[in-house]
**Student:** 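Below are the structure tokens for one structure; questions will follow.
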Amino acid sequence: QVQLVESGGGLVQAGGALRLSCVVSGRAFDVYAMAWFRQAPGQERTFVAVIGSDGRTKVADSVKGRFTISRENGKNTVYLEMNSLKTEDTAVYYCASPPNIAASAPTTRAEYAYWGQGTQVTVSS
């Protein structure tokens, strides 16, 4: 079956950096967009960043200039490089992929079908 497995979460101090990884198995990787979402306690799951199959990226305004999404198709892996972390970045981070093969870079939760289990990122002050 399709599996997405995140790693790299943990405890970091404000101003620090962290790199998250998500490895996909059970389906082709290079033809699908890959995205990162996050969910803080008591909040909705919100869009963070997406990279399309063509390599084009979009990032949320809240992380623009601080977070970078990238992919290594040969490793079936998508990354989220997080810099200048703030306490408000504390959340469970999820990677996701849409259900169909199409040229797209969706930014809404409803447009994704496959999700990882999430990895906790906690930023302390």
**Student:** Decide yes or no for Val24 and Tyr32: does some side-chain heavy atom of the first lie under 4.5 Å from some side-chain heavy atom of the second?
**Tutor:** no

**Student:** Any non-hydrogen side-chain atom of Trp36 less than 4.5 Å from a side-chain atom of Met82?
**Tutor:** no

**Student:** What is the minimum heavy-atom distance between Thr90 and Ala40, and which atoms define it?
**Tutor:** O-CB, 3.7 Å

**Student:** Roughly how far apart are Cys95 SG and Trp115 CH2, rounded to 0.5 Å?
**Tutor:** 9.0 Å

**Student:** Please name the pair of heavy atoms, one in Ala33 and one in Val50, separated by the smallest distance, quoted to 0.1 Å.
**Tutor:** CB-CG2, 4.3 Å

**Student:** For residues Ser21 and Thr77, report the shortest heavy-atom separation together with the two atoms involved.
**Tutor:** CB-CG2, 4.2 Å

**Student:** Let me check something: do Val23 and Ile69 share a hydrophobic cluster, defined by ILVMFWY side-chain heavy atoms less than 4.5 Å apart, either directly or through other members?
**Tutor:** no

**Student:** What's the spacing between Tyr114 OH and Met34 CE if we round to 0.5 Å?
**Tutor:** 12.0 Å

**Student:** For residues Glu6 and Leu20, determine if any side-chain heavy atom of one lies less than 4.5 Å from a side-chain heavy atom of the other.
**Tutor:** no

**Student:** Is the count of non-hydrogen atoms from other residues, nucleotides or ligands lying under 6.0 Å from Gln13 atom CD greater than 12?
**Tutor:** no

**Student:** With a 4.5 Å limit on heavy-atom distance, are the side chains of Glu88 and Ser62 in contact?
**Tutor:** no

**Student:** Is any side-chain heavy atom of Asp89 closer than 4.5 Å to a side-chain heavy atom of Val121?
**Tutor:** no

**Student:** What are the two closest heavy atoms between Arg38 and Val48, and how far apart are they?
**Tutor:** CG-CG2, 3.5 Å

**Student:** Holding to side chain to side chain contact (heavy atoms under 4.5 Å, CB included), I want the full list of residues that pass it with Ala113, two or more places apart in sequence or in another chain.
**Tutor:** Pro99

**Student:** With Arg109 as the cation and Phe37 as the aromatic partner, state whether NZ or CZ is under 6.0 Å from the six-membered ring centre and within 45° of the axis.
**Tutor:** no

**Student:** Please check if atom CD in Gln117 has more than 12 non-hydrogen atoms from other residues, nucleotides or ligands closer than 6.0 Å.
**Tutor:** no

**Student:** With a 4.5 Å cut-off on side-chain heavy atoms, are Leu18 and Tyr93 touching?
**Tutor:** no

**Student:** At what distance, to the nearest 0.5 angstrom, does CG of Leu85 lie from OG of Ser124?
**Tutor:** 10.0 Å

**Student:** Looking only at atom types and distance, does a side-chain atom of Arg66 sit under 3.5 Å from a main-chain N or O of Ser84, one as donor and one as acceptor?
**Tutor:** yes

**Student:** Consider only side-chain heavy atoms of I, L, V, M, F, W and Y, link residues closer than 4.5 Å, and tell whether Ile51 and Val5 are in one cluster.
**Tutor:** no

**Student:** Kindly indicate, with the supporting measurements, whether the criterion side-chain contact (heavy atoms from CB on, under 4.5 Å) is fulfilled by Arg71 and Asn73.
**Tutor:** CA-CA 6 Å; Arg71 65 194 299 163; Asn73 290 337; 2.9 Å; yes

**Student:** Indicate, with yes or no, if Tyr79 and Val59 share a hydrophobic cluster defined by side-chain heavy-atom contacts under 4.5 Å among Ile, Leu, Val, Met, Phe, Trp and Tyr.
**Tutor:** no

**Student:** Do Pro98 and Glu111 make a side-chain contact, defined as non-hydrogen atoms from C-beta onward lying under 4.5 Å apart?
**Tutor:** no

**Student:** Do you know the tightest heavy-atom contact between Val78 and Phe29?
**Tutor:** N-CZ, 4.0 Å

**Student:** Taking all non-hydrogen atoms of both residues, which atom of Phe47 and which atom of Pro106 are closest, and how far apart?
**Tutor:** CE1-O, 4.2 Å

**Student:** Got a sec, which residues hit side chain to side chain donor-acceptor pair (under 3.5 Å) with Glu81, two or more places apart in sequence or on another chain?
**Tutor:** Arg19

